[in-house]
Amino acid sequence: MLTGSDLLAKVKELGDASKSELVRQCGYVSTKKDGSERLNFTAFYEALLDAKGMNLGAGSAGGRGKAGRTLSYMAKVHFNGNLLVGKAYTDQLGLKPGDEFEIKLGRKQIQLIPAGGAEEV
């Protein structure tokens with residue numbers, strides 16, 4: 001996915017291309033579970049605004065989640081026993097799909113330690 005001046009240059013280079021083609025050529029494409037293509041217009045437009053120096057306060061930076069909601073830093077155990085850590089939190093930590101963690105259980109606490117990493121206190 002192109003960002004910054006590379007993104008602006010590519011958009012200028014493509015000129016009169018359709019919106020879909022702009023998004024595709026700039027790399028804002030993902031693959032759905034069924035193998036079809038998904039164009040990520042929102043991510044493209046956010047990167048474009050950022051490249052033009054326009055910060056509208058969106059995104060997960062500064063303790064904000066989707067739609068600018070303030071993160072609560074709380075989680076609930078779901079009815080099926082799962083504990084979900086939302087995307088806004090993983091984005092803040094720079095975590096990517098496939099990152100692995102060692103789970104350390106303490107007295108009423110859970111620590112996630114990056115696999116192969118050292119414990120932080």
Practice problem: Kindly work out whether a path of hydrophobic side-chain contacts (I/L/V/M/F/W/Y, heavy atoms less than 4.5 Å apart) joins Val11 to Phe41. | Solution: yes
Quiz item: Under a 4.5 Å side-chain heavy-atom rule over Ile, Leu, Val, Met, Phe, Trp and Tyr, are Val77 and Ile103 clustered together?
Solution: yes
Quiz item: So do the side chains of Lys19 and Tyr45 get within less than 4.5 Å of each other, counting heavy atoms only?
Solution: yes
Quiz item: How far does CD of Gln111 sit from CD of Glu102, to the nearest 0.5 angstrom?
Solution: 9.5 Å
Quiz item: Atom OG in Ser20, atom CD in Glu37: separation rounded to 0.5 Å?
Solution: 9.0 Å
Quiz item: Quick one: does Leu83's side chain get under 4.5 Å of Ile110's, heavy atoms only?
Solution: yes
Self-check item: Val85-Phe101 co-clustered via ILVMFWY side chain contacts under 4.5 Å
Solution: no
Self-check item: Glu100 atom CD, neighbour heavy-atom count above 12 within 6.0 Å
Solution: no
Exercise. Would you indicate whether the side-chain heavy atoms of Gln25 and Glu13 approach each other to under 4.5 Å?
Key: no
Side-chain donor-acceptor contacts of residues 2-10 below 3.5 Å, not counting sequence neighbours, with atom names and distances?
none

Quiz item: Of the non-hydrogen atoms in Gly94 and Asp99, which two are nearest, and what is the gap between them?
Solution: O-OD2, 4.4 Å
Quiz prompt | With Asn80 via side-chain contact (heavy atoms from CB on, under 4.5 Å) - residues at least two apart | solution = His78, Asn82
Quiz prompt | Single hit among Asp16, Leu39, Leu48, Leu14 for side chain to side chain contact (heavy atoms under 4.5 Å, CB included) with Leu22 | solution = Leu14
Quiz item: Which pair of non-hydrogen atoms, one from Tyr28 and one from Phe44, has the smallest distance, and what is that distance?
Solution: CD2-N, 3.6 Å
